[in-house]
Amino acid sequence: MAFVALTGLDVVYNAVHRAVWDAFCANRRADRVPISFKVLPGDHEYPKCRPKRTSYEWYIPKGILKTGWMNKHLNLVPALVVVFYELDWDEPQWKEKQSECATRVEIVRQSLQGRNTKVAVVLIQKKTPLPPGEDVMASERAAALCNACELSGKSLFVLPHTDHLVGYIIRLENAFYEHAQTYYYTEIRRVKSHKEFLNKTTHQLLFVRHQFKIAFFSELKQDTQNALKNYRTAYNLVHELRAHETNILEIKTMAGFINYKICRLCFQHNTPLDAIAQFRKHIDLCKKKIGSAELSFEHAAWMSKQFQAFGDLFDEAIKLGLTAIQTQNPGFYYQQAAYYAQERKQLAKTLCSHEASVTYPNPDPLETQTGALDFYGQRSWRQGVLSFDLSDPEKEKVGILAIQLKERNVVHSEIIITLLSNAVAQFKKYKCPRMKSHLMVQMGEEYYYAKDYTKALKEYNQFCVIQEASKASEVLENLTQGKMCLVPGKTRKFVFKFVAKTEDVGKKIEITSVDLVLGHEAGRCVVLNWQGGGGDAASTQEALQASRSFKRRPKLPDDEVHWDSVLVQASTMVISRVPSISVHLRHDPPALTNEMYCLIVTVQSHEKTRIRDVKLTAGLKPGQDANLTQKTQVTLHGTELCDESCPALLTDIPVEDLRPGEQLEKTLYIRCGTVGSRMFLVYVSYLITTTIEDREIVCKCHKDETVTIETVFPFDVAVKFVSTKFEHLERVYADIPFLLMTDLLSASPWALTIVSSELQLAPTMASVDQLESQVDKVVLQTGESASECFCLRCPAAGNVEGGVATGHYVICWKRTSAADSLPAISTAITLPHVIVENIPLHVSADLPSFGRVRESLPVRYHLQNKTSLVQDLEVSVEPSDAFMFSGLKQIRLRILPGTEQEMLYNFYPLMAGYQQLPSLNINLLRFPNFTNQLLRRFIPTSIFVKPQGRLGDDASIAAA
């Protein structure tokens, strides 16, 4: 599960925080997102991030996988750190609280330095929030808080502590889950980026390590299809490693880990036959990799653990709804685990029977400085040694002795009895009395060896009762006759062939009974009958399985078989003819929200004759979330954008017939309206005429491929309002120009081309100058941003005291690599509301961009009355040390409604550099709240003064 850390919660002394924590932890049903939460202090020290490696040229790995790596990403390094902070929108001390919250976020970021962990803030509030757009103060302060904490709007959340707390918590969890998925997606890309630096000569271990990490992160991301695919690749890479006595335990350990993951995911995907096939392959590949003969009991213990783990997985899958049968249930795997545990016991008895004078080595060769191994499967006395030569035979000998002496302390009978009792419980559940009684005898023997005679006698007594009951129920029936000759001591085989019909696909062919007639029809004869597929006349199928597990058989000639090796299969399923075509899917993941994502399907025929009636079904795989179906459209026509009339799955698209070796391509265009993972299905069916047993039949074949595609946001947009002096504004003033700044940050792993942008203003807004896009044809790489600045004003007409809508910011974009025929995507961003206030007087200034020492600097101030009243005002100019000036130092004016008054001053700079201008102060007699601090928002307070130039220099500059 994804690991999310929660900070800022005092769950011991704060009742509100405790309730929040309980809502996260309690009653975690299966329908809640898979997240592991942990409360940590705000200054918690997370594991340090190692410096990023830029080259692997001289790097030699010391092992495959570090022992602490999985635990680190499950329990120590979070995908997301959430900072909880109690803060209401109407907090009187807002500035101080905002600053404190930003400090807490910065502390968390410092602790995570170097990692890609996401950070989010949750504000715990006492009041239920108003619907979006209605609380103007909340919108304004949320933007300010995001700016102070350097967060995007998607990383700030509000949690009202009300009666509906659990509902709010579940919504929060879903948002956290999206952030966590983004983190694991980033980690997968980071690991993949390392693979291009590796070579097969010195980095074989790294290929396994990186493939395992990609699969592990995919599993944490809940992308189980890709996890399974990458685990399979990692498993194959493990067995490509050159095995030697020094590294065989490491190879087996990693193979065991990955096999467990593959089998578990196969059961999770409801494909138990794939899990069983993988486990059999695993056992076949590993059963002969024994390693050191002196430690062969270790191999038996490892084999026992493999069977036990698979039995546990099988049993868990059954509890979750899988159906098992008599001949294939977890009992057989527990039985084999017990068999290898018995073999371990025998080997340990032989190899670990040292004289009493042999003592345990000192110092202990099995101890390490940290108390744990650095890498899985390595020996503690030669960690990180990759050489196949044992450089210190004496140390090797001491290490083997220590393992042997520790093995003497293992209570083997206890292990064997536990495994046998698990097997007995399974055979009892699936009504296999003979298998149950067979294993109960072995349990009795183990209790006897363990000197627990009471339990041994109890097992034997139960066995006797079962045997009497089963003998009384045996019946021999005589039925029909047949004719054949049997040779004593040899097994005869008869082969029957059936030609299945096309209409029988999906049905079963079943042998209902087998008859054997001993003798001749003319004379005496005995008819034996078996219901189903037959078997040993004196035993049931379960007993046969038991005898095969332990009985050694002599080798026979190639044309003969052992009776005990023949498996009874009374029925078989008629399946479609195996297709001889290949289906390949080409695309560039991830998909971007609302884009026309291109998926190219290539179908090639490997049949020997022409295939016809080829049909393609492609689109969203059925059975997924209904919301995905509504937000996913698929089309064959990429020149026009999909709309809601396009389906999520295109069915039975006719394509042309294919000759042998011929291939065709079909391009699908997919539009995903929401972020997240989607599984897509491509299903190809066709008809082919073939000859079976001199009969010509028409077979319908099909092949399907699935692919999981992740959809992410293409970019993040940040919007802020600033004054014409580029100072942040929490509110704007009616009919006074201000600046709207947009920042477009590319979150796409692929280059994006911004075709154009458009600012669509609400009726309450007007532009000061021409609205033109400033980012046309701009190409953004990952992490790059493009900014625009628009000068706007809010007209004074009407009531503008409350917050007003600004409008929409529309971005027209497409992938840079996309074909010209694909349409650009328009994404509309709703701009935030802004608080508009009337102002009684507007002041603007006209002055040069710079001054020069001892040269006159003319400054003209424009004072405009914005009210319907006559304004009486007092104007004064405070001198500055850097300037002399001429003009009215103090004056009292009267300005009529809607008119403007000009004031002219000549400033005379005395010093070079960035200097503060003489300060203009205005006092409005009718509006005492109009302050000089507000006045300074509109006029410049300083100017750059150049030093006095020489005449010759000026002349040369003028000439130039």
Side-chain angles (χ1 to χ4, degrees), residues 182 185-186 188-189 192-193 583-603 616 618-620 628 631-650 653 663-682 705 707-717 742-758 773-788 809-829:
T182 304
Y185 173 76
T186 306
I188 290 169
R189 289 189 60 83
K192 283 182 177 178
S193 69
V583 179
H584 296 289
L585 309 178
R586 286 190 290 118
H587 60 117
D588 295 322
L592 305 178
T593 310
N594 285 325
E595 76 165 330
M596 297 293 283
Y597 186 69
C598 182
L599 176 65
I600 300 174
V601 181
T602 305
V603 182
L616 173 69
L620 192 69
L628 292 182
K631 293 294 183 179
T632 307
Q633 292 91 35
V634 182
T635 183
L636 297 174
H637 311 293
T639 56
E640 298 178 0
L641 284 175
C642 292
D643 55 24
E644 293 185 356
S645 64
C646 295
L649 181 69
L650 297 174
I653 306 165
Q663 73 175 27
L664 63 84
E665 279 191 355
K666 206 75 174 174
T667 303
L668 301 174
Y669 298 95
I670 302 167
R671 192 178 192 195
C672 303
T674 55
V675 297
S677 294
R678 291 167 170 80
M679 189 179 295
F680 291 90
L681 168 72
V682 175
E705 291 285 340
V707 61
T708 300
I709 299 176
E710 183 80 16
T711 304
V712 299
F713 287 113
F715 43 71
D716 290 322
V717 178
T742 61
D743 189 49
L744 185 71
L745 175 65
S746 172
S748 164
W750 308 104
L752 294 180
T753 297
I754 308 301
V755 179
S756 66
S757 66
E758 181 186 1
S773 174
Q774 300 151 31
V775 293
D776 283 4
K777 304 299 185 291
V778 170
V779 176
L780 295 180
Q781 303 294 337
T782 307
E784 292 183 345
S785 61
S787 299
E788 292 192 81
Y809 181 50
V810 180
I811 305 140
C812 190
W813 60 275
K814 65 190 299 185
R815 288 193 190 209
T816 305
S817 59
D820 292 339
S821 59
L822 287 180
I825 313 303
S826 290
T827 301
I829 307 297

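Note that the coordinates shown come from a computational prediction; the quantities given were computed from them, not determined experimentally.
- For S746 (side chain) and E784 (main-chain N/O), no donor-acceptor pair under 3.5 Å exists by modelled atom type.
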Working for side chain to side chain contact (heavy atoms under 4.5 Å, CB included), residues C672 and Y597: CA-CA 8 Å; C672 303; Y597 186 69; 5.9 Å; no
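- Once rounded to the nearest 0.5 Å, the distance linking OG1 of T742 with CG of L744 reads 7.5 Å.
- A donor-acceptor pair is defined here as one N or O able to donate and one able to accept, closer than 3.5 Å; such a pair exists between the side chain of E788 and the backbone of Q774.
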Report the C-alpha separation of T753 and V778 in whole Å, then their side-chain angles, then the decisive distance to 0.1 Å, and conclude whether the side chain to side chain contact (heavy atoms under 4.5 Å, CB included) test is met. CA-CA 6 Å; T753 297; V778 170; over 6 Å; no
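- When all heavy atoms of V712 and P590 are compared, the pair lying nearest together is CG2-CG, 3.8 Å.
- A salt bridge links E595 with R815: the distance from a Lys NZ or Arg NE/NH1/NH2 to an Asp or Glu carboxylate oxygen falls below 4.0 Å.
- Counting all heavy atoms, side chain and backbone alike, P823 lies closest to G638 at CD-O, 2.8 Å.
- Side-chain atoms of V583 and V682, non-hydrogen and from C-beta on, do get closer than 4.5 Å to each other.
- Between E665 and R586 a salt bridge is recorded (basic side-chain N to carboxylate O distance below 4.0 Å).
- Residues T708 and S677 come closest through the heavy atom pair CG2-CB, 4.1 Å.
- Looking at K631 and R678, their side chains come closer than 4.5 Å, going by heavy atoms from C-beta outward.
- Taking the side chain as every heavy atom from C-beta outward, L636 and T667 never approach each other to under 4.5 Å.
- Atom CG of L681 is separated from atom CG of L650 by 11.5 Å, given to the nearest 0.5 angstrom.
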Before you tell me yes or no, could you show the steps for V603 and Q663 under side chain to side chain contact (heavy atoms under 4.5 Å, CB included), namely the whole-Å CA-CA distance, both residues' side-chain angles and the distance that decides it to 0.1 Å? CA-CA 5 Å; V603 182; Q663 73 175 27; over 6 Å; no
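- The two residues L752 and P714 make their nearest non-hydrogen contact at CD1-O, 3.5 Å.
- With a 4.5 Å cut-off on side-chain heavy atoms, T593 and V675 count as touching.
- Inter-residue side-chain proximity for K666 and L616 is flagged as met; some heavy-atom pair is nearer than 4.5 Å.
- When all heavy atoms are compared, the tightest approach of F680 to T632 is CE2-CG2, 3.9 Å.
- Side-chain atoms of P647 and V634, non-hydrogen and from C-beta on, never get closer than 4.5 Å to each other.
- A distance of 13.0 Å separates OG1 of T639 from CG of D820, quoted to the nearest 0.5 Å.
- Every residue two or more places apart in sequence or in another chain that forms a side-chain hydrogen bond (donor to acceptor under 3.5 Å, both in side chains) with D776 is listed here: S773.
- Under the ring-ring contact (aromatic ring centres under 6.0 Å, His included) criterion, F715 pairs with W813, not counting sequence neighbours.
- Legend: residues meeting salt bridge (charged side-chain N to carboxylate O under 4.0 Å, His left out) with R189, ordered by chain and number and at least two apart, are absent.
- L585 CG to I600 CD1: the interatomic distance, rounded to the nearest 0.5 Å, is 10.5 Å.
- In this structure a side-chain-to-backbone donor-acceptor pair under 3.5 Å is present from S748 to W750.
- For the pair Q633/T635, no side-chain contact is recorded, criterion being any heavy-atom separation below 4.5 Å from C-beta on.
- Between I829 and I811, the shortest heavy-atom distance links the atoms CG1-CD1, 4.0 Å.
- C598 SG to I670 CD1: the interatomic distance, rounded to the nearest 0.5 Å, is 9.0 Å.
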After noting the C-alpha distance and the side-chain angles of V717 and D743, does the key distance pass the side chain to side chain contact (heavy atoms under 4.5 Å, CB included) rule? CA-CA 6 Å; V717 178; D743 189 49; over 6 Å; no
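- Looking at I825 and L641, their side chains come closer than 4.5 Å, going by heavy atoms from C-beta outward.
- In this structure a side-chain-to-backbone donor-acceptor pair under 3.5 Å is present from K814 to L822.
- Counted by atom type alone, H637 and Y669 present zero donor-acceptor pairs between their side chains at under 3.5 Å.
- Taken from CG in L780 to OG in S785, the straight-line distance is 7.5 Å, to the nearest 0.5 Å.
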